[in-house]
S.K.: 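After the structure tokens below, expect a handful of questions from me.
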Protein chains: 2
Amino acid sequence: MPKTYQIGELARQADVPVETVRYYESLKLLPKPGRAANNYRQYTQVHLERLSFIRHCRSLDMSIDEIRQLLRVRDRPEADCAEVNAVLDEHIEHVGQKLSELQRLKRQLIALRERCQTASRGADCGILAGLAETQAIGSERPRDGHRKRSVHRD
Amino acid sequence: MPKTYQIGELARQADVPVETVRYYESLKLLPKPGRAANNYRQYTQVHLERLSFIRHCRSLDMSIDEIRQLLRVRDRPEADCAEVNAVLDEHIEHVGQKLSELQRLKRQLIALRERCQTASRGADCGILAGLAETQAIGSERPRDGHRKRSVHRD
DNA sequence: TCACACCCTGTAGTAACTTCAGGGTCAAGC
DNA sequence: GCTTGACCCTGAAGTTACTACAGGGTGTGA
């Protein structure tokens with residue numbers, strides 16, 4: 001008999017909260033495990049590996065939908081992995097975009113911060129004045145590239 | 001009589017969707033405007049300036065709660081603006097943290113991507129193999145500093 | 001009178017979880 | 001036998017900052 005795990009042990013091994021495991025099951029990322037006589041979930045090594053895979057992808061900030069695509073390839077090993085490359089390339093680009101957005105943002109914030117070095121009266125605060133100016137300081141508005149679509153539950 | 005705006009015009013001037021204006025009202029970021037005989041909202045220049053302030057803060061990726069703090073200072077101009085500085089400093093640090101997290105992330109993704117340059121069979125794909133490894137590649141897990149608390153609606 | 005653009009309220013959906021309420025199960029200790 | 005505590009269960013609601021939608025009213029030009 002292969003070793004089985006209760007949800008708590010599985011969760012510890014994969015370093016995930018227990019609720020998240022159940023959540024992934026509801027999203028069908030994890031297959032429904034067997035149940036013991038007391039209705040507790042019974043997981044196997046296969047579940048643990050799949051869960052680790054998912055968490056690793058999440059730690060790389062992939063969306064659930066991206067992970068779904070990777071799992072699909074993973075589930076039929078004969079298929080070629082061009083799709084994997086595509087997912088990853090796209091994801092790398094998203095991250096790159098976000099990165100430059102954040103860099104711009106930080107420059108703006110620092111410029112703003114320099115307008116009030118002393119704790120002066122609010123009325124004279126250069127920061128509040130700067131924020132009130134209708135023109136944004138370094139300007140353009142990017143706001144949220146990389147939106148994703150619905151995550152269906154049962 | 002000072003000029004008044006309907007919600008649509010206010011929204012155009014501040015470059016915000018109309019729904020967002022109503023949403024801000026529900027959060028009490030914007031005071032309730034007067035109403036015309038037909039029950040349409042009637043905004044003034046004061047509303048426009050406050051809305052622009054809010055949008056500018058949002059374009060700097062501040063949270064609603066952070067903006068609330070800034071508005072509080074803005075609403076009593078006699079108060080000193082040390083709080084403004086604090087909010088901004090903290091925000092700058094959050095952004096800086098997120099930035100280095102993303103940089104680390106991108107490095108990891110690129111390293112991963114190099115494991116499969118050719119469209120090989122999924123079974124041999126270095127990327128899938130890499131993602132299956134329990135040890136994260138560059139590792140540590142940061143995941144979400146900078147969490148914020150509830151935004152109360154009416 | 002019609003189309004059409006605008007306005008209203010209230011509710012639900014988005015991403016990826018987390019938290020909570022209200023239970024059942026099981027082993028150890030008294 | 002009973003309690004305590006750690007574990008498990010389900011289902012629903014909360015988190016952030018909106019966005020979208022349903023189902024209506026208002027105002028203006030042709």
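Since the structure is predicted, the reported quantities are computational estimates derived from the model, not experimental observations. Each chain gets a letter, A, B and so on, in the order the sequences are listed, and its residues count up from 1. All values below come from the heavy atoms of this structure, side chains included, with hydrogens, waters and symmetry mates left out.
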S.K.: Name the closest nucleotide to the B:V18 side chain, picking from C:dC17, C:dT9, C:dC7.
M.R.: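 Among C:dC17, C:dT9, C:dC7, the one nearest the side chain of B:V18 is C:dC7.
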S.K.: Rounded to the Å, how far apart are A:Q42 CD and C:dC26 P?
M.R.: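 For the pair A:Q42 CD and C:dC26 P, the rounded distance is 12 Å.
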S.K.: Taking atom P of C:dA16 as reference, at what distance in whole Å does atom CG of A:L27 sit?
M.R.: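 To the nearest whole Å, that distance equals 9 Å.
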S.K.: Any side-chain N or O of B:R55 below 4.0 angstrom from OP1/OP2 of D:dA17?
M.R.: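 B:R55 to D:dA17 OP1/OP2: no side-chain N or O under 4.0 Å.
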S.K.: With a 4.0 Å cut-off, would you call A:D15 and A:R55 a salt bridge?
M.R.: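 No, A:D15 and A:R55 are not salt-bridged.
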S.K.: Would you call B:D75 and B:R50 a salt bridge, using N to O less than 4.0 angstrom?
M.R.: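 Looking at B:R50 together with B:D75, the answer is yes, because their closest N to O distance falls below 4.0 Å.
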S.K.: Is the phosphate of C:dT18 approached by A:T20 (side-chain N or O, under 4.0 Å from OP1 or OP2)?
M.R.: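 Yes, A:T20 has a side-chain N/O under 4.0 Å of OP1/OP2 on C:dT18.
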S.K.: With the 4.5 Å side-chain cut-off for hydrophobic clustering, are A:V46 and A:L27 part of the same group?
M.R.: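 Hydrophobic grouping puts A:V46 apart from A:L27.
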S.K.: Would you say C:dT25 has OP1 or OP2 under 4.0 Å from some side-chain N or O of A:R41?
M.R.: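 Negative; the distance criterion is not met.
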S.K.: If the test is side-chain hydrogen bond (donor to acceptor under 3.5 Å, both in side chains), which one of A:Q45, A:H47, A:R12 qualifies with A:Y5?
M.R.: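 Exactly one option meets the side-chain hydrogen bond (donor to acceptor under 3.5 Å, both in side chains) with A:Y5, and it is A:Q45.
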S.K.: Tell me the interatomic distance from A:I7, atom CD1, to C:dC26, atom P, rounded to whole angstroms.
M.R.: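 Result: 16 Å.
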S.K.: Mind checking if B:R22 touches a base, just sugar-phosphate, or nothing, with heavy atoms under 4.0 Å?
M.R.: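 Contact class for B:R22: base.
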S.K.: Distance check: side-chain N/O of B:R68 vs OP1/OP2 of D:dA17, anything under 4.0 Å?
M.R.: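 No, no such contact exists.
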S.K.: Tell me whether the side-chain N or O atoms of B:Y40 pair up with the base of D:dG27 as donor and acceptor below 3.5 Å, since no angle test is needed here.
M.R.: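 No, the side chain and the base share no sub-3.5 Å donor-acceptor pair.
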S.K.: Tell me: CD1 of B:I54 to P of D:dT16, nearest whole Å?
M.R.: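 Result: 17 Å.
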S.K.: Side chain of A:N38 only, heavy atoms from C-beta on: which candidate in C:dC26, D:dA17, D:dC8 is closest?
M.R.: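 Nearest to the side chain of A:N38 among the choices is C:dC26.
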S.K.: Would one find a side-chain N or O of B:R58 under 4.0 angstrom from OP1 or OP2 of D:dC18?
M.R.: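 Yes, because at least one side-chain N or O of B:R58 sits under 4.0 Å from OP1 or OP2 of D:dC18.
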S.K.: Side chain of A:S63 only, heavy atoms from C-beta on: which candidate in C:dT18, C:dA16, D:dA17 is closest?
M.R.: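 Of all the options, the side chain of A:S63 is nearest to C:dA16.
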S.K.: May I have the distance from A:Y43 (atom OH) to D:dC8 (atom P), rounded to whole angstrom?
M.R.: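 Atom OH in A:Y43 sits about 10 Å away from atom P in D:dC8.
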S.K.: B:Q6 or A:E19: which one's nearest nucleotide on DNA chain C is closer to the 5' end?
M.R.: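 The answer here is B:Q6.
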S.K.: Please report, rounded to the nearest Å, how far the C1' atom of C:dC7 is from the CG atom of B:L10.
M.R.: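 The answer, rounded to whole Å, is 14 Å.
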S.K.: With a 4.0 Å limit, can you tell me whether B:Y24 has a side-chain N or O closer than that to the phosphate oxygens OP1/OP2 of D:dC18?
M.R.: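 For D:dC18, OP1/OP2 do have a side-chain N/O of B:Y24 under 4.0 Å.
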S.K.: Starting from P on C:dT14, measure out to OH on B:Y23 and report it in whole angstrom.
M.R.: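 Result: 17 Å.
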S.K.: Check the distance between D:dA17's P and B:L29's CG and give it to me in whole angstrom.
M.R.: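 Going from CG in B:L29 over to P in D:dA17 covers 10 Å.
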S.K.: Assess whether a salt bridge exists between B:K3 and B:E9, defined as any Lys/Arg side-chain N lying under 4.0 Å from an Asp/Glu carboxylate O.
M.R.: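 Judged by the 4.0 Å cut-off on N to carboxylate O distance, B:K3 and B:E9 do form a salt bridge.
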